[in-house]
Q: 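For reference, the structure I am asking about is given below.
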Amino acid sequence: MIKIQKHGAVLSTDKDGYLISDVSLDKIVPPWDEAVNFIKEAYIKHLGKRLHSVYIRGSIARGLAVEGISDLDSFALLRGNPPKKKNELEWTKKVSEQYVKAPKPEGLDLCFVDSNGF
């Protein structure tokens with residue numbers, strides 16, 4: 001029988017109604033830190049000066065990753081518009097295929113966010 005584990009969460013709020021984050025760099029521990037460093041370097045290599053910052057979210061960033069189940073959820077905040085053309089996005093497939101070390105996330109979630117207006 002498969003045991004269902006509770007990993008979802010609703011963020012708490014402070015007295016002013018702002019969300020309190022439950023993620024932290026300190027919670028990204030081995031072996032998951034290798035995957036995080038891998039994806040960070042891929043964003044840097046392929047986005048260059050357009051890259052403003054990289055965010056890791058989900059179970060890995062919350063210290064709750066489970067080998068064989070968890071994936072690496074990330075997004076890049078960009079200076080300017082996100083890539084849209086097929087040739088601008090080809091590297092994402094290659095990056096997803098390159099990460100083969102074990103233990104590894106079950107997948108890589110690469111997203112882009114436009115920083116205009118921030």
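Values reported hereafter were calculated over all heavy atoms of this structure, with side chains retained and with hydrogens, waters and symmetry mates removed. Please read these numbers as outputs of a predicted model, since none were measured by experiment.
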Q: Rounded to the nearest 0.5 Å, what's the gap from OG on Ser59 to CG on Asp71? Could you check?
A: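 That separation rounds to 7.0 Å.
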Q: Run the side-chain contact (heavy atoms from CB on, under 4.5 Å) check on Ile28 and Leu25 step by step: do they pass?
A: CA-CA 5 Å; Ile28 302 173; Leu25 281 174; 4.2 Å; yes
Q: Which word best sums up how the rings of His46 and Trp91 line up, parallel for under 30°, tilted for 30 to 60°, or perpendicular for over 60°?
A: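 Rings of His46 and Trp91: parallel, as their planes differ by under 30°.
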Q: Is any side-chain heavy atom of Ile56 closer than 4.5 Å to one of Leu72?
A: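 With C-beta onward as the side chain, the pair touches.
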Q: If hydrophobic clusters are built by linking Ile, Leu, Val, Met, Phe, Trp and Tyr wherever their side-chain heavy atoms come under 4.5 Å apart, do Ile60 and Val23 end up in the same one?
A: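 Unlinked, Ile60 and Val23 end up in two clusters.
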Q: Roughly how far apart are Lys40 NZ and Phe38 CZ, rounded to 0.5 Å?
A: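 Output value for this atom pair is 13.0 Å.
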Q: Report yes or no: does Asp16 contribute a side-chain atom to a donor-acceptor pair with the main-chain N or O of Tyr18 at less than 3.5 Å?
A: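 Checked: no pair found.
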Q: Find out whether Ile20 and Leu11 are in side-chain contact, i.e. whether some heavy atom of one side chain is under 4.5 Å from a heavy atom of the other.
A: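 When only atoms from C-beta onward are counted, Leu11 and Ile20 do not touch, as no gap falls below 4.5 Å.
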Q: For Asp73 and Gly58, which heavy atoms make the closest approach, and how far apart are they?
A: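 That closest heavy-atom pairing would be OD2-CA, 3.9 Å.
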Q: Quick test of your reading: applying salt bridge (charged side-chain N to carboxylate O under 4.0 Å, His left out), list the pairs with at least one residue in residues 24-33, sequence neighbours left out, ordered by first then second residue.
A: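 Residue pairs with at least one partner in residues 24-33: there are none.
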Q: Does Arg57 reach the main-chain N or O of Ser74 with its side chain, forming a donor-acceptor pair under 3.5 Å?
A: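 No, Arg57 side chain to Ser74 backbone: no donor-acceptor pair under 3.5 Å.
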Q: If you define the side chain from C-beta out and look only at heavy atoms, does anything of Tyr43 sit under 4.5 Å from Arg50?
A: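 Tyr43 does not reach Arg50 side chain to side chain.
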